[in-house]
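Structure first, commentary second.
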Amino acid sequence: MSFYLYDSVQKEKREFIPLAEGKATIYVCGPTVYDDAHLGHARSALSFDILKRTLQDLGYNVTLAKNFTDIDDKIINKLATSGKTLHELTEFYINRYLEDMAALGVLRADIEPKATESIEAIEKMITELLESDCAYTIENGDIYFDTSKDSRYGSISHMVTDDAQNISRIEANSQKRNPKDFALWKACKEQDVCFNAKIGQGRPGWHIECSAMINKFFKGNDEYCIDIHCGGADLLFPHHENEAAQTRCALNKEIAKYWMHNGFVQIDGEKMSKSLGNSFFLKDALKVYDGELLRYYLISVHYRNDFNFNEVDLQNSKKRLDRLYRLKKRLYGGKVGRVNKAFKEALLQAMCDDLNSSKAMAIVDDMISSANEQLDKEPKNKALKQEILGNIDYLCQLLGIGCKDAIEWFQQGVSEEEKTKIESLIAKRAEAKKAKDFESADAIREELQNMGIAIMDMADGTKWEKL
RNA sequence: GGCGGCAUAGCCAAGUGGCUAAGGCAGGAGCCUGCAAAGCUCUGAUCCCCGGUUCGAAUCCGGGUGCCGCCUCCA
């Protein structure tokens with residue numbers, strides 16, 4: 001089965017043909033670690049997590065790198081008030097990021113490079129750029145990239161290079177050769193964090209990190225460094241344009257063969273930003289909602305579309321995901337068999353079409369309905385039960401959905417004490433039912449309802465769920 | 001000012017030239033149930049507007065309207 005992805009540079013779906021047969025190299029632009037991760041970080045991480053899972057399922061040996069930008073203006077600003085060292089501060093947020101991603105079921109990257117641990121590679125690349133006159137040093141010691149030296153500058157984002165037409169908000173800097181030139185290295189100034197380097201004491205600019213780290217960790221071939229370069233839609237310009245330019249000038253090849261960009265997350269139809277006061281930290285969302293539910297909700301919309309996060313749709317997703325767990329609960333404790341071939345093919349086929357997770361989820365819904373229907377007809381069919389559990393198992397592997405324990409899923413946030421009480425009320429109700437005292441039975445059901453517990457009488461006894 | 005994206009039933013959301021426009025939530029009907037719940041079945045849209053191309057368009061082209069993003073740090 002071939003994998004097709006929408007290349008956001010060529011603006012069309014392209015068949016994935018890797019640089020090296022059987023291997024896939026992916027680089028995802030990760031977070032700048034000066035604060036907790038928000039829903040946008042989650043969306044990006046999830047988009048490329050399902051990319052990795054799909055390629056793995058197709059048999060590719062996938063190497064995914066996701067960087068941490070751990071030196072940057074915002075981090076330095078935060079340092080002043082935090083009382084921490086740079087390393088303490090960034091480690092703190094890196095760990096919190098990783099915790100959140102784990103809760104969402106995002107697989108750990110194979111390589112997690114940090115800018116501060118790649119100074120040598122960065123310095124080497126800047127030196128090469130200086131030697132070929134693609135970079136220049138200004139009076140204060142800052143080193144800039146000369147965008148005019150790259151004839152293909154603009155080919156990634158398709159932004160026009162004629163600055164007369166482009167009312168840019170780029171600060172005028174008389175020492176820059178071209179308005180679009182950007183800093184590769186920022187020379188040490190007061191109260192700055194500095195690294196010792198032959199190119200002068202200072203710290204790297206944002207764009208050079210990614211280019212240097214990709215070159216450090218991936219060999220690529222004569223034409224490209226890696227297969228797929230991923231990131232948020234906002235990174236296309238200038239970040240990815242600049243990455244590509246540096247790599248062309250320093251290494252004489254393209255940084256990536258394919259580019260993928262995920263769409264934005266809005267909150268209730270508005271852009272998420274601190275100034276609007278609607279920043280939605282994952283940590284806060286995870287206090288209220290299960291990580292797998294957030295995952296399910298966030299991948300229910302195709303990764304390239306914008307995503308409008310809101311409570312109503314999230315609750316809709318909860319109900320939808322509950323259906324899957326009810327099916328899993330129905331087969332609780334059973335042996336997990338092999339996945340149904342047609343189901344697997346259909347799911348994978350959907351994912352191979354530029355990660356159509358939305359379609360994949362519709363296929364899952366169909367599987368759930370038909371499984372319930374068959375189970376109604378043949379409640380004792382062991383092979384059937386095993387296959388359904390096999391399907392759910394595969395779903396967990398491919399999409400990271402349906403991985404949790406089905407009983408626990410419906411009992412989240414219920415204490416042991418409450419559970420005992422619920423069980424005893426259910427036992428009481430069973431007695432009342434047996435004695436045909438439906439009035440008492442219904443009263444107990446209402447009492448449970450008021451506790452936020454829904455019950456359902458099944459063939460093998462009464463089951464309950466936390467609403 | 002430059003560049004780009006989106007507009008599908010009450011809501012969310014697939015589909016990008018051709019069989020009955022996926023799927024979910026909400027709503028309606030039925031089966032099941034002591035009654036419910038859960039589960040199953042049935043039930044809903046000429047695809048923002050106007051032109052054009054085509055035997056045929058939600059899907060392609062042109063023009064509107066509306067929303068959003070990038071051009072400054074941003075996933």
Side-chain angles (χ1 to χ4, degrees), chain A residues 8 11 13 28-32 34 37-48 66 69 72-74 77 154 157-171 179-180 206 230-239 241 261-266 269-274 297 300-302 304-308 310 312-323 326-327 329-330 350 353 356-366 368-377 433 436-439 441-442 445-446 448-449 454-459 462-465 467:
Chain A
S8 36
K11 294 181 183 295
K13 272 188 198 170
V28 180
C29 280
T32 301
Y34 69 101
H38 57 233
L39 289 169
H41 293 109
R43 172 106 134 116
S44 174
L46 285 168
S47 298
F48 307 120
K66 181 154 69 179
T69 297
D72 145 287
D73 290 352
K74 276 187 293 227
N77 289 342
S157 64
H158 310 291
M159 293 287 280
V160 284
T161 46
D162 181 2
D163 286 293
Q165 279 181 44
N166 191 345
I167 299 173
S168 171
R169 282 173 278 181
I170 294 171
E171 227 175 285
K180 284 215 168 80
W206 177 38
C230 309
D234 52 334
L235 299 182
L236 188 54
F237 189 87
H239 187 52
E241 190 71 64
H261 290 92
N262 65 276
F264 259 61
V265 178
Q266 297 189 319
E270 283 194 89
K271 182 177 169 155
M272 185 165 48
S273 76
K274 282 189 177 168
Y297 177 40
S300 69
V301 176
H302 187 89
R304 271 193 284 127
N305 288 359
D306 283 341
F307 190 103
N308 182 22
N310 67 87
V312 173
D313 294 345
L314 179 58
Q315 289 305 332
N316 183 347
S317 282
K318 166 81 164 66
K319 287 178 186 174
R320 203 175 170 186
L321 185 52
D322 281 348
R323 291 183 74 232
R326 277 197 200 99
L327 174 63
K329 194 170 72 170
R330 212 177 157 174
D353 182 14
N356 195 335
S357 50
S358 203
K359 190 173 180 179
M361 285 156 86
I363 292 163
V364 172
D365 284 327
D366 285 340
I368 295 169
S369 292
S370 108
N372 276 318
E373 193 184 358
Q374 284 179 280
L375 284 169
D376 286 345
K377 281 182 195 154
K433 273 179 63 179
K436 304 236 184 254
D437 178 5
F438 296 123
E439 215 167 293
D442 290 352
R445 183 165 61 199
E446 206 177 314
L448 284 163
Q449 185 89 31
I455 57 168
M456 37 214 75
D457 296 329
M458 313 300 281
T462 298
K463 308 282 188 211
W464 64 271
E465 292 178 4
L467 290 173

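Proteins come first, then strands; the chains are lettered A, B, ... in the order of their sequence lines, and each starts at number 1. Here the structure is a predicted model, which is why all the values come from computation and not from measurement.
Taking atom C1' in both C47(B) and A38(B), the straight-line distance is 34 Å, to the nearest Å. Of the C1' atoms belonging to C12(B) and G2(B), the separation is 34 Å, rounded to the nearest Å. Taking the C1' atoms as reference points, C32(B) lies 12 Å from A37(B), given to the whole Å. When the P atom is used for both A57(B) and C50(B), the distance is 15 Å, rounded to whole Å.
Here U33(B) sits opposite no nucleotide as a Watson-Crick or G-U wobble pair (both hydrogen-bonding atom distances under 3.5 Å). Of all nucleotides present, none satisfies the Watson-Crick or G-U wobble test against G44(B) with each distance under 3.5 Å.
The side chain of Arg320(A) approaches G23(B) more closely than any other nucleotide in the set A75(B), A14(B), G23(B). The listed nucleotides are G39(B), C71(B), A13(B); the one nearest the side chain of Pro238(A) is C71(B). Comparing A36(B), C68(B), G24(B) by their closest approach to the side chain of Asp457(A) singles out A36(B). The side chain of Glu373(A) lies closest to C40(B), out of C68(B), C71(B), C40(B). Among G39(B), A75(B), A14(B), the nucleotide with an atom closest to any side-chain atom of Arg330(A) is G39(B). Comparing C73(B), A75(B), C11(B) by their closest approach to the side chain of Asn316(A) singles out C11(B). Relative to the side chain of Ala441(A), the nucleotides C71(B), G39(B), G34(B) differ in distance, and G34(B) lies closest. Nearest to the side chain of Asp72(A), among C40(B), A13(B), C73(B), sits C73(B). The side chain of Asp376(A) sits closest to G39(B) out of C70(B), G39(B), A22(B).
Using a 4.0 Å heavy-atom cutoff across all strands shown, His261(A) reaches no nucleic acid atom at all. If you check every strand for non-hydrogen atoms under 4.0 Å, Arg304(A) touches nothing. Heavy atoms of Val364(A) sit nowhere under 4.0 angstrom from any nucleic acid atom. Across all strands shown, Gly30(A) has heavy atoms under 4.0 Å from sugar-phosphate atoms exclusively, and none from any base. Within 4.0 Å of Glu465(A), counting heavy atoms only, lies no atom of the nucleic acid at all. Looking at heavy-atom distances under 4.0 Å, Ile455(A) makes contact with a base. At the heavy-atom level, Gly232(A) lies under 4.0 Å from the strands shown only through sugar-phosphate atoms. Nucleic acid contact for Phe264(A): base, since at least one base atom lies under 4.0 Å from a heavy atom of the residue.
Residue Phe438(A) is the one, among Met458(A) and Phe438(A), whose nearest nucleotide of RNA chain B lies closer to the 5' end (criterion: closest heavy atom).
With hydrogens and angles ignored, no donor-acceptor pair under 3.5 angstrom links the side chain of Arg326(A) to the base of A38(B). Side-chain to base pairing of His38(A) with A75(B): one donor and one acceptor N or O lie within less than 3.5 Å of each other. Interface remark: the Asp442(A) side chain does form a donor-acceptor pair with the G34(B) base, using a distance-only criterion of under 3.5 Å.
Remark: side-chain polar atoms of Asp353(A) are not paired, donor with acceptor, to backbone N or O of Asn356(A) under 3.5 angstrom. Here the side chain of Asp306(A) pairs a donor or acceptor atom with the backbone of Phe264(A) at under 3.5 angstrom. When atom types are taken as modelled, the side chain of Tyr34(A) and the backbone of Asp72(A) share no donor-acceptor pair closer than 3.5 angstrom.
A salt bridge links Lys329(A) with Glu465(A): the closest approach of a Lys/Arg side-chain nitrogen to an acidic carboxylate oxygen falls below 4.0 angstrom.
Distance Lys319(A) NZ to A13(B) C1': 16 Å, rounded to the nearest Å.
Between Asn372(A) and C40(B) there is a side-chain polar atom (N or O) within less than 4.0 angstrom of OP1 or OP2. Contact check, Ser300(A) against A13(B): no side-chain N or O comes under 4.0 Å of OP1 or OP2. For the OP1/OP2 pair of G15(B) and a distance below 4.0 Å, the side-chain nitrogens and oxygens of Asn356(A) include at least one atom meeting the criterion.
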